Amino acid sequence: MAFKSRRKYCYFTENNIKEIDYKDVKLLRRFTNDQGKIMPRRVTGSCAKMHRKLVRAIKQSRMICLMPFTDTGVE
Amino acid sequence: MRYYETLYIVNPNFEDKKVETILAEVGGELQKTKTKVINHHVWGKKHLAYPIQKQKYGTFILMQYGKEDAGSLLEFDTWMKLNTSILRHLTTRLESEPVQIEAPVIESSKKSNEDSEASNKKEKGTEEKSGESEKVTETQTESSDEVSAEKDPVEESIEENATSGEAPEETQEQEDTAETEEADQDAENTEKEAD
């Protein structure tokens with residue numbers, strides 16, 4: 001099996017995003033899976049500094065009910 | 001001067017008048033702690049990610065304010081907790097001074113005489129801004145049909161106001177996100193294969 005190596009990069013440093021807003025659900029959704037779990041850094045490729053901020057934002061967003069703690073797809 | 005932001009959820013079944021009284025109440029309570037309210041407006045009715053007190057929807061209200069002295073907001077926080085009409089609230093500290101989006105709602109609700117004038121001003125403001133932000137909304141609908149379909153018209157209008165100042169940047173970001181989403185998905189796939 002031949003794997004084509006892809007460059008992983010931090011989305012935030014690449015787009016020059018310094019602060020992550022917990023109200024920006026559209027952005028935060030990209031870093032959670034379908035279940036609503038936060039994706040690991042080895043998958044998203046985001047740098048450690050921004051990942052910490054991202055995790056904080058996602059957890060704040062969960063507290064104020066903008067994002068789910070768990071999303072099983074059943075309403 | 002430190003700047004804070006409080007987002008709180010109110011029961012969606014409340015009428016507009018009741019929401020206005022809550023806005024006034026919260027604003028009044030906050031002014032006891034020597035704060036200057038910069039923004040205080042209704043975000044609109046949104047679907048909650050999970051039910052709170054058996055409510056599936058909630059009216060979101062955003063409030064941004066500055067505080068001159070270094071006293072804590074603990075009293076205000078407990079007051080918010082004890083207020084039964086507020087389902088949930090979250091206070092965060094802002095790094096920089098927030099931009100004033102529209103005329104503060106609290107002043108208009110305090111004086112009933114100025115109500116009509118203030119609402120007229122708001123309408124004018126939204127009309128002016130909507131012209132600028134048409135381009136943004138068009139690109140949004142094109143790039144993300146799914147997301148925009150879920151949104152309420154009220155919420156969209158608020159987002160328009162918020163993003164009108166940064167229209168060109170937004171469009172670029174949209175394109176970038178589309179590209180990076182693909183890249184992320186590919187990265188996931190490769191991860192799975194590797195496992």
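In this text the structure is predicted, and so the values were computed from the model without any measurement. The figures that follow rest on heavy atoms only: side chains count, while hydrogens, waters and symmetry mates do not. Residue numbering restarts at 1 for every chain, and letters A, B, ... go by the order of the sequence lines.
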Pick one of side chain, backbone, both or neither for B:I52, based on which atoms fall under 4.5 Å of a heavy atom in chain A.
side chain
Could you tell me whether the side chain of A:Y22 reaches within less than 4.5 Å of the side chain of B:E5, counting heavy atoms only?
yes
Which residues pass the side-chain hydrogen bond (donor to acceptor under 3.5 Å, both in side chains) test with B:Y4, not counting sequence neighbours?
none
Contacting region of A:M63 [heavy-atom separation from chain B under 4.5 Å]:
both
B:E75 atom CD: more than 12 heavy-atom contacts under 6.0 Å
no
Looking at every heavy atom in both A:P68 and B:Y50, which two are closest together, and how far apart are they?
CA-CD2, 4.3 Å
Using heavy-atom distances under 4.5 Å, tell me whether B:L87 contacts chain A through its side chain, its backbone, both, or neither.
neither
Enclosure of B:N13 CG (heavy-atom neighbours >12, cutoff 6.0 Å)
yes
With chain B as the partner chain, list the residues of residues 54-62 of chain A whose heavy atoms fall under 4.5 Å from it, by residue number, and write 'none' if nothing qualifies.
A:Q60, A:R62
Close approach to chain A in residues 88-95 of chain B, criterion heavy atom under 4.5 Å
B:R88, B:H89, B:L90, B:T92, B:E95
Indicate, with yes or no, if B:L74 and B:M80 share a hydrophobic cluster defined by side-chain heavy-atom contacts under 4.5 Å among Ile, Leu, Val, Met, Phe, Trp and Tyr.
no
By side-chain contact (heavy atoms from CB on, under 4.5 Å), which residues pair with A:N33, not counting sequence neighbours?
A:Q35, A:K37, A:M39
Mind ranking A:D21, A:L66, A:T70 by heavy-atom pairs under 4.5 Å with chain B and telling me who comes out on top?
A:L66
